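Numbers here simply count residues along the sequence, with the first being 1. Excluded from the calculations below are hydrogen atoms, water molecules and symmetry mates; all remaining heavy atoms, backbone and side chain alike, are included. Order of appearance sets the numbers: ligands from 1, and atoms from 1 within every ligand. It should be emphasised that the depicted structure is a prediction, and the values quoted were computed from it without experimental measurement.
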Amino acid sequence: MVVMARALITGITGQDGRHLAEFLHTKGYEVFGLVKGQNNPKAESIRDEFPFVQLVPGDLADFSSLVSALEMSQPDEVYNLGAISFVAMSFNQAELTGNITGLGVLRMLEAIRLVGGARKNPIRFYQASSSEMFGKVRETPQTEMTPFHPRSPYGVAKVFAHDITVNYRESYDMFACSGILFNHEGPRRGLEFVTRKITNSVARIKLGVQSELVLGNLEAKRDWGYAGDYVEAMWMMLQQPKPDDFVVATGKSHSIEQLLEVAFAAADLKDWRQYVRQDQRFFRPAEVDLLIGDATKAKTKLGWQPKVGFNELIEMMVRHDIDYETKRAK
Ligand code: G4F
């Protein structure tokens, strides 16, 4: 009898959770997804889109619920993608961000230690670390060795989460890895993030249902890749003989202005400046000006490569959003 590997994903309702669930399913895994709250509306969409995912109740704010979720799902691998992930929101909800994005990881590691301790094969743990930890960058490009200087409550919480993951690996010999992922996007991205906000607005402007696009800082530069490529790196990390941390990035950086250029051109709209207005509302109290990652370690040790380039990514998102908005308008 073939025994299927079992994976528990936190943050299953987010962009990465969906990509990872799909990816693990194609690899033959039994996939479990942690969902919080009673009657969570996002859980419905997971049931519809991914009927193979078994949902288990639990919350990163509640230790005992994590113990129950691990007991119920009996995973070989845990992917912790759950977080308050919107940097701008973390300035207004700093305590909540610290609790979920930071302490939530400690709770999960403790729960794994408790439940996994008695098992023959230890549970392998993946932590979704973030390039936001580099913040006011100390060197360019950023590698696994670059010191952290976070610029938001989100970044600070992610540094705690990253460090506690390393600490549990070193203290308790746990198989715990951190993937330091740079920005990764796609049609499943939430509308609050700048790439999808732009591609969705471009689609709406093209269809004549929106006239302007209001943004904050247009000078910030990010290393943007495709989320579908990045979840593969998460899985690869947990298949290694030893746990380790890896930067996952494309090695190319673009400004928001360059993103606007590509997105408007993808819809045959000339001169994006006539549609875009800046508003103080969308500026952050402290900004991360430039991120660009060096993924040499992931390339050499994991054999990972990004497949989708920047223009292709943004064009894919614009095409998707034109279809999506056209259907919504009917
Ligand atoms: O799309 P963003 O909100 O992503 P950000 O802050 O880089 O964070 C994302 O990537 C991280 C990886 O490095 C993740 F850890 C994190 O969870 C998240 O997925 O903003 C990108 C840039 C910022 O510099 C922001 O100031 O776009 C700038 N921006 C300018 N106008 C805007 C806007 N961002 C948003 N969301 N909305 C605007 O109107």
Side-chain angles (χ1 to χ4, degrees), residues 10-11 14-17 19 80-93 97 100-102 104-105 127-137 141-142 146 148-162 178-186 188-202 210 212-227 230-231 233-234 247-250 252-260 263 272 275-293 295 310 313-314 317:
T10 74
Q15 167 188 255
D16 293 4
H19 276 290
N80 185 47
L81 315 183
I84 302 291
S85 65
F86 187 31
V87 173
M89 184 179 130
S90 78
F91 286 98
N92 297 322
Q93 300 190 29
T97 304
I100 306 299
T101 308
V105 182
Q127 167 55 16
S129 282
S130 161
S131 54
E132 276 295 300
M133 301 189 303
F134 298 122
K136 196 173 163 68
V137 298
Q142 295 85 50
T146 304
F148 301 138
H149 186 148
R151 296 273 281 170
S152 62
Y154 169 85
V156 173
K158 281 286 181 186
V159 170
F160 172 81
H162 179 87
S178 266
I180 308 177
L181 268 54
F182 283 62
N183 297 50
H184 44 287
E185 319 290 317
R188 288 174 171 158
R189 194 54 150 147
L191 290 165
E192 66 276 32
F193 297 96
V194 80
T195 50
R196 184 83 199 287
K197 181 174 173 181
I198 291 174
T199 61
N200 184 260
S201 296
V202 163
Q210 185 174 325
E212 69 169 3
L213 164 57
V214 187
L215 293 169
N217 178 15
L218 305 185
E219 285 164 18
K221 289 188 169 170
R222 291 288 183 279
D223 180 333
W224 279 294
Y226 174 51
Y230 285 33
V231 297
M234 299 176 185
V247 158
V248 180
T250 70
K252 297 196 175 79
S253 195
H254 296 87
S255 67
I256 315 283
E257 293 202 352
Q258 288 169 315
L259 165 52
L260 286 162
W272 59 265
Y275 303 101
V276 173
R277 181 165 67 78
Q278 284 177 282
D279 192 306
Q280 216 41 50
R281 226 166 9 120
F282 295 109
F283 282 76
R284 297 175 182 177
E287 179 61 283
V288 172
D289 297 322
L290 165 73
L291 290 176
I292 176 163
F310 177 71
L313 168 65
I314 301 306
M317 291 174 71

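- With rounding to the nearest 0.5 Å, the separation of CD1 in I198 from CZ in F193 is 13.5 Å.
- Of the listed residues (V214, L181, N217, L213), the one carrying the non-hydrogen atom nearest atom 30 (C) of ligand 1 is N217.
- Between F182 atom CZ and Q142 atom CD the span is 4.5 Å, to the nearest 0.5 Å.
- Using a distance-only test at 3.5 Å, with no hydrogens or angles considered, a donor-acceptor pair links the side chain of T10 to the main chain of L81.
- With hydrogens and angles disregarded, a donor-acceptor distance shorter than 3.5 Å links the side chain of D223 to the backbone of T250.
- Ligand 1 has a nitrogen or oxygen under 3.5 angstrom from a nitrogen or oxygen of G216.
- When heavy-atom distances to ligand 1 are checked against a 4.0 Å cut-off, L215 comes that close through both its backbone and its side chain.
- Nearest protein heavy-atom neighbour of atom 36 (N) of ligand 1: E192 O, 2.9 Å.
- With values rounded to the nearest 0.5 angstrom, E257 atom CD is found 6.5 Å from E219 atom CD.
- Residues E185 and K197 are not paired through a salt bridge, judged by the lack of any N-O separation under 4.0 Å between the basic side chain and the carboxylate.
- Taking every heavy atom of F282 and a limit of under 4.0 angstrom, the matching atoms of ligand 1 come to 39 (O).
- Ligand 1 places these atoms under 4.0 Å from at least one heavy atom of R189: 9 (C), 18 (C), 19 (O).
- The CD atom of Q127 sits 5.0 Å away from the CG atom of N80 when rounded to the nearest 0.5 Å.
- In this structure, a donor-acceptor pair under 3.5 Å is present between the side chains of S129 and S178.
- Of all the heavy atoms of A220, the ones lying under 4.0 Å from any atom of ligand 1 belong exclusively to the side chain.
- In this structure, atom 17 (O) of ligand 1 lies nearest to the protein heavy atom S85 O, 2.6 Å.
- Under 4.0 angstrom from ligand 1, there are no non-hydrogen atoms of F283.
- Residue-ligand proximity: Y154 is placed with a non-hydrogen atom under 4.0 Å from ligand 1.
- The minimum heavy-atom distance linking V87 with S90 is given by the pair O-OG, 2.7 Å.
- Taking every heavy atom of F86 and a limit of under 4.0 angstrom, the matching atoms of ligand 1 come to 3 (O), 36 (N).
- Of all protein heavy atoms, the one closest to atom 4 (O) of ligand 1 is N183 ND2, 3.7 Å.
- Proximity of K221 to ligand 1 is not established, as no heavy-atom distance is less than 4.0 Å.
- Among all non-hydrogen protein atoms, the one lying nearest atom 13 (O) of ligand 1 is S131 OG, 2.4 Å.
- In terms of N/O distances under 3.5 Å, ligand 1 is not approached by W224.
- Taking CZ of F160 as the start and OG1 of T101 as the end, the distance is 11.5 Å to the nearest 0.5 Å.
- For atom 3 (O) of ligand 1, the choice among R284, E185, K197 with the nearest heavy atom turns out to be R284.
- With hydrogens left out, the protein atom closest to atom 8 (O) of ligand 1 is V87 CG2, 3.6 Å, a heavy atom.
- How far CG of N183 is from NE2 of H254: 13.0 Å, rounded to the nearest 0.5 Å.
- The existence of a salt bridge linking E132 and K158 is excluded, since no basic side-chain nitrogen approaches an acidic carboxylate oxygen closer than 4.0 Å.
- At a 4.0 Å heavy-atom cut-off, ligand 1 does not touch Q278 at all.
- Among all non-hydrogen protein atoms, the one lying nearest atom 26 (O) of ligand 1 is E287 OE2, 2.6 Å.
- For atom 22 (C) of ligand 1, the nearest protein heavy atom (residue, atom name, distance) is I256 CD1, 3.8 Å.
- Scanning the protein for heavy atoms near atom 1 (O) of ligand 1, the closest one is V194 N, 2.9 Å.
- Aromatic ring orientation, H162 versus F148: perpendicular (interplanar angle above 60°, classes split at 30° and 60°).
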